[in-house]
2 protein chains.
Amino acid sequence: MADINLKDDEIPSLRRESAAGRVVTHPISAEENPEIPFIELLFFAYRDFVSDPDEVLAGYGFGRAHHRVVHFVNRHPGIRVADLLDILKITKQSLGRVLKQLIDTGFIEQLTGAQDRRQRLLYPTPAGRELALRLLHPQEHRIGAALEGMSPAERATAERFLRLVIDRGEREKVARLIGR
Amino acid sequence: MADINLKDDEIPSLRRESAAGRVVTHPISAEENPEIPFIELLFFAYRDFVSDPDEVLAGYGFGRAHHRVVHFVNRHPGIRVADLLDILKITKQSLGRVLKQLIDTGFIEQLTGAQDRRQRLLYPTPAGRELALRLLHPQEHRIGAALEGMSPAERATAERFLRLVIDRGEREKVARLIGR
DNA sequence: AAATTTATGTCAGCCATGTTGACATATTTT
DNA sequence: AAAATATGTCAACATGGCTGACATAAATTT
């Protein structure tokens, strides 16, 4: 990819464009906005991070929405639908669609709650567990490689940064979900 | 939210479900997979991080795809369409749709390249710059608050972690884009 | 000069996944 | 008995990905 930043003599003349209005030629700069590198790195890191499981998913005919559901059901077997909704921050209908597919294809099962029989507790089947692990592996590898050269203190710092990016009101809930 | 982790006596009896096959009741554990906390924190951090500009976008009738385009055009005025595609990793058609809307509504303009007249260089209009800044502010605030209690060395560590999550083959390109 | 490559745009259609609103059922709580 | 809760479902719609095919203008190569 060629350098995006234009030299002065490369800036196209505005007069050449009959219909051109005024345009802004100076960039929003990362020097003046020290948060920008973090904002953009978060974008690029997530872009690549979530693309890892795509091949595996395609093999099953599933998408990223299925991945998220399979992951959290495997991390918390017996999770309630309501809790899954609260984690994913999507609507019941959106979840219902992918959940139904995962149940119909035998990756997740619903068991009626023993205490509260209104609840449909979600469990992975052995196939669901296997799928979850296959989706997890490439991401573990990516994160593991990133952590490789970092000391325990540095890892803790990276973890702390990510926690602080999460909504304040969600942090405790996330901490409980993650288990620390 | 109630604790998701069930006690043993809360696990519903499988015998109660006539059609129930075997299910897996033990979780994929973060103790055995030290990368999992990072994987999940990245999910939650990004989930909240990208929701910041939603209100602003709704006021303009735009979505998150418009945000990404407006952001990078403002960060790199005069960027070529091909470079934008390479950043966003989407297809020409997907970009074309939102780009056309942003041009039609006067937030972005295209100027013919002076050297290579095949190119359509993208510039923000003053309105486009204003929109970019309005979208940027809440994210700057979120990241700024996260960085607040971190030393320069810790900030560098968080930044390094994010860089290492990015595809190896993309890191240099991203470094150039970010300007360091 | 002609042929090829490149940068971009566009049409048509499809798919995944998000949304709202309304309503139904079973179960628990009051 | 009534109200609240957990879940499911139907219908419709919006956003934003995708593929494949084709068109145009301009630059590059032969």
Side-chain angles (χ1 to χ4, degrees), chain A residues 1-2 4 12 16-17 46-47 50-51 53-55 57-58 60-70 73 78-105 108-122, chain B residues 1-2 4 10 12 16-17 46-47 50-51 53-55 57-58 60-70 73 78-104 108-122:
Chain A
M1 185 180 61
I4 279 172
R16 294 198 170 201
E17 296 289 320
Y46 194 80
R47 179 196 68 178
V50 294
S51 75
D54 283 350
E55 288 173 44
L57 289 166
Y60 289 83
F62 291 147
R64 291 174 181 180
H66 301 85
H67 177 196
R68 295 191 284 271
V69 172
V70 165
V73 169
I79 190 173
R80 294 183 305 138
V81 169
D83 289 326
L84 204 42
L85 288 174
D86 188 55
I87 287 172
L88 302 175
K89 303 280 187 225
I90 59 175
T91 58
K92 190 171 44 162
Q93 293 81 348
S94 292
L95 174 59
R97 199 159 28 200
V98 297
L99 187 52
K100 188 176 189 310
Q101 294 168 8
L102 288 166
I103 291 167
D104 290 348
T105 48
I108 289 180
E109 273 197 29
Q110 295 175 304
L111 302 185
T112 299
Q115 273 67 42
D116 187 336
R117 294 181 46 80
R118 290 172 302 184
Q119 296 176 354
R120 298 288 176 277
L121 306 184
L122 304 174
Chain B
M1 185 181 60
I4 280 173
E10 288 171 342
R16 293 196 171 203
E17 297 290 320
Y46 194 79
R47 179 197 68 178
V50 294
S51 74
D54 282 350
E55 289 174 42
L57 288 166
Y60 288 83
F62 290 147
R64 290 174 182 181
H66 300 84
H67 177 196
R68 295 191 283 270
V69 172
V70 165
V73 169
I79 190 174
R80 294 182 305 137
V81 169
D83 289 326
L84 204 41
L85 288 174
D86 188 55
I87 287 173
L88 302 176
K89 303 280 187 223
I90 59 175
T91 58
K92 190 172 46 163
Q93 294 84 341
S94 293
L95 174 59
R97 198 157 32 195
V98 298
L99 188 53
K100 188 175 190 307
Q101 292 167 7
L102 288 166
I103 291 167
D104 290 348
I108 289 180
E109 274 196 28
Q110 295 175 303
L111 302 185
T112 298
Q115 272 65 41
D116 186 336
R117 293 182 47 80
R118 290 172 302 183
Q119 297 175 352
R120 297 289 176 275
L121 307 183
L122 304 174

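The chains referred to below are lettered A, B, ... by the order of the sequence lines, with proteins before strands, and numbering in each begins at 1.
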Protein-nucleotide distance (A:D54, atom CG; D:dC18, atom C1'), rounded to Å: 12 Å
Are any of A:R68's side-chain N or O atoms less than 4.0 Å away from OP1 or OP2 of C:dG18? yes
How about NZ on B:K100, more than 12 heavy atoms from neighbouring residues, nucleotides or ligands closer than 6.0 Å, or not? no
With nearest nucleotide decided by heavy atoms, which residue, A:D116 or A:R97, maps closer to the 5′ end of DNA chain D? A:D116
Quick one: B:R80 CZ to D:dA26 P, roughly how many Å, whole number? 17 Å
Nearest-angstrom distance from the residue atom CZ of A:R64 to C1' of D:dG17: 9 Å
N/O (side chain, A:T91) to phosphate O (OP1/OP2, C:dG18) under 4.0 Å: no
Gap between atoms CG and P, on A:L84 and D:dA6 respectively (whole Å): 15 Å
Confirm from the modelled atom types if B:Q93 and C:dG13 form a donor-acceptor pair under 3.5 Å, side chain to base only. no
Using atom CD of A:Q119 as one end and atom P of C:dA26 as the other, report the distance to the nearest whole Å. 17 Å
Would you find a donor on one side and an acceptor on the other, under 3.5 Å apart, between the side chain of B:R120 and the backbone of B:R118? yes
If I take atom CG in residue A:D83 and atom P in nucleotide D:dT5, what distance separates them, rounded to the nearest angstrom? 15 Å
Where each residue is assigned the nucleotide of DNA chain C containing its nearest heavy atom, which of A:R120 and A:G63 is assigned the position nearer the 5′ end? A:G63
Output for pair (B:R68 CZ, B:L95 CG), nearest 0.5 Å, gives 10.5 Å
How close or far is atom C1' of D:dG16 from atom CZ of B:F62, stated in whole angstroms? 15 Å
Does the side chain of A:S94 get closer than 4.0 angstrom to OP1 or OP2 of C:dT19 through an N or O atom? yes
Does A:R118 or B:L122 map to a spot on DNA chain C nearer the 5' end, using the closest nucleotide for each? B:L122
Evaluate the side-chain proximity of B:L122 to B:Q110: yes if any heavy-atom separation is below 4.5 Å, no if none is. yes
Measure CG/A:L57 against P/D:dC18 and give the value in whole Å, please. 15 Å
Please answer whether the main-chain N or O of B:I87 pairs with a side-chain N or O of A:R47 as donor and acceptor at a distance below 3.5 Å. yes
Less than 4.0 angstrom between a side-chain N/O of A:H66 and OP1 or OP2 of C:dA16, yes or no? no
Using a heavy-atom cut-off of under 4.0 Å over every strand shown, decide if A:K100 touches base, sugar-phosphate, or nothing. nothing
